[in-house]
Amino acid sequence: MSVVKPRVMQGVMELLPRQQIAFQGVFDTIRRGFERFGYAPIETPAVELTSVLLTKTGGETEKQVYFVQSTGARDQGKDPDLALRFDLTVPLARYVAKNEANLTFPFRRYQMQRSYRGERPQRGRYREFYQCDIDVIGKESLDPRYDAEVPAVMIGIFEELEIGDFTVQLNNRKVLLGLLESVGIDDEARPRVLREVDKIDKRGREYLAETLAGDDFVLPSATIDKVLAFLAIDGSAREVVDALSQQGIDNETFNEGRTQLEAVIGSLEALQVNPSRYRVNVAIARGLDYYTGTVYETFLDDHKDLGSICSGGRYENLASNYTKSKLPGVGMSIGLTRLFYLLQELDLVDSTASAADVLVTQQDPELYAEYLALATELRAAGLRTESVVEPWKFKKQMKYANATGVPFVVIVGASEHDANQVTLKDMVGGDQVTVARSELIPEIERRRVAAQNRDDA
RNA sequence: GAGGGUAUAGCUCAGUUGGUUAGAGCACCAGAUUGUGGUUCUGGAAGUCGAGGGUUCAACUCCCUCUACUCUCCCCA
């Protein structure tokens, strides 16, 4: 008999229970971080109408979209009219446009769902991946100071996750565009130059200089020197912002960008965000053209090579494809699947977690009903409790307990039963105590508190 | 879409200039006498050597094709 090899599509993350528990922990921490700032949850379907999803996306994105089609439609040779979302921003735009009348603005929402891209998988890149987004959508206008709240939310989350040192790099596209304008680069060429500038941290200054001098741009060396000199601005966020006003650049775009950046840094300071968690990187532009102002990228300081784990920016008009209303917004997105992959690589995932707190074993089959009653009691006390149901040899029950990682095992044999006692075994320490049955729950609680204090210390 | 690399047990990998029955570690299952796991010892199960073709007395080994996986570039979380 032949069996089908139990494979999964490449580029998906599928976890074993112990890891999944750790993943849920990260997921919950992120969600709590969003809720702490009062963001409202929404979900949208994984499948969107093709006509909605692919309104004006460039060729690059469209090539990566998974289409969805019934077999009936396929057999008739029809083009798919459904597709899987490739991010959460486009569905958000559709959602806001659709529900505009029923939403309160500024609309601050979080959304934690999977997205899909038919990409060639690579280290830390997936075809199915979780995105955890927050966005603030305004009606007609949205104060630039919201551009500080969004990274403040993210920084709080990353600090709570204890993932090591990280830096949110921020910038304002208008600053860069104003610079390019001031050195006389054509309106048409500026977005293309921006994309090259954005890669300077990866490719280096020389490469950028050569590219800008090359056939695609043919910029004079004096211009390139000015750009490179500007990109060398470095320091704390406050220092960079101060330096911007001394560059001798004076055009509307630049000044607007600089003022906004100042407002953002001022708000971050007022929010008392740790200044070592963010910096202004004047080279950051982001590839996506719909960003118009503030842009963000987040890297783990020790693993910049793995790419950004959280990024986003400000867009002037989110839903112009779906409504005539002007809806500006700002948002950031955590790539949770990539982040979790990183945490595993760095051995920062606590895989000791178990799905249950207590396992009630089966010492004497005659007492089975009592074991179930005891388990019910433990659950009522808020303890996640599992009963051994199979009539296994006791040794096998203990092996099972060890394999699932449950921290406590309850043992009641004939002797304990007759004395109205129970034995509690601590699987981590290895010791065990026999106590009055009524003392079981307090005893477990005492030990959990003690273990918690050990971890915190 | 362009260019490299790899393919042997569930996992990570050995396998000599082609030669007889393809191995190890981990994992798994079972034992080491009464109600105790994670350490140790013993035993067991497990492979169409990615698929197809060619060379040869003989192919896991050499050649060709295909497939899958993987890395880099592009792009992004």
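Side-chain atoms are counted along with the backbone in the values below, which use heavy atoms only and exclude waters and symmetry mates. So that the names make sense, note that chain A is the first sequence line, chain B the second, and so on, each numbered from 1. Quick caveat: nothing in here was measured; it's all calculated off a predicted structure.
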With sugar-phosphate meaning primed atoms plus P, OP1 and OP2, does [X] contact a base, only sugar-phosphate, or nothing at under 4.0 Å between heavy atoms?
X	value
A:Gln397	nothing
A:Lys399	sugar-phosphate
A:Gly307	nothing
A:Glu416	base
A:Val412	nothing
A:Gln363	base
A:Ser415	base
A:Ile334	nothing

OP1, OP2 of [N] versus side-chain N and O of [X]: anything below 4.0 Å?
X	N	value
A:Gln432	B:rU36	no
A:Ser311	B:rA77	yes
A:Lys396	B:rA30	yes
A:Arg125	B:rC71	no

key: Residue of the set A:Phe299, A:Tyr278, A:Tyr296 for which side chain to side chain contact (heavy atoms under 4.5 Å, CB included) holds with A:Gln169   = A:Phe299
Can you tell me, in whole Å, how much space there is between the [atom1] of [N] and that of [M]?
N	M	atom1	result
B:rG38	B:rG19	P	42 Å
B:rU55	B:rC60	P	16 Å
B:rA9	B:rC26	C1'	12 Å
B:rU61	B:rC29	P	35 Å
B:rG44	B:rA24	P	11 Å
B:rA22	B:rA59	P	14 Å
B:rC69	B:rA77	P	25 Å
B:rG50	B:rU12	P	14 Å

key: Side-chain donor/acceptor of A:Lys395 to base of B:rU36, under 3.5 Å   = no
inquiry  = Would the base of B:rA77 count as contacting A:Arg117 through its side chain, where contact means a donor and an acceptor less than 3.5 Å apart?
reply    = yes
task = Just do the salt bridge (Lys or Arg N to Asp or Glu O under 4.0 Å) check on A:Arg108 and A:Glu149 with the steps written out, would you?
result = CA-CA 11 Å; A:Arg108 297 154 73 254; A:Glu149 178 178 292; 2.8 Å; yes
query = Can you list every pair that meets salt bridge (charged side-chain N to carboxylate O under 4.0 Å, His left out) and has a residue in residues 389-408 of chain A, with sequence neighbours left out?
reply = none
Partner lookup for [N], please. Criteria are Watson-Crick or G-U wobble with both distances under 3.5 angstrom; report none if nothing qualifies.
N	result
B:rU70	B:rG4
B:rU16	none
B:rG38	none
B:rU55	none

query = If we only count heavy atoms from C-beta on, is the A:Arg447 to A:Val433 side-chain gap below 4.5 Å?
reply = yes
inquiry  = I want to check something: taking the side chain as every heavy atom from C-beta on, are A:Leu88 and A:Ser115 in contact at a cut-off of under 4.5 Å?
reply    = yes
inquiry  = Tell me whether the rings of A:Tyr126 and A:Tyr341 are parallel (<30°), tilted (30 to 60°) or perpendicular (>60°).
reply    = perpendicular
ask   = Are A:Tyr400 and the base of B:rG37 stacked, counting only ring centres nearer than 5.5 Å and planes tilted under 30°?
value = no
inquiry  = Can you identify which nucleotide, out of B:rU36, B:rC69, B:rC74, has its nearest atom closest to the A:Arg203 side chain?
reply    = B:rC74
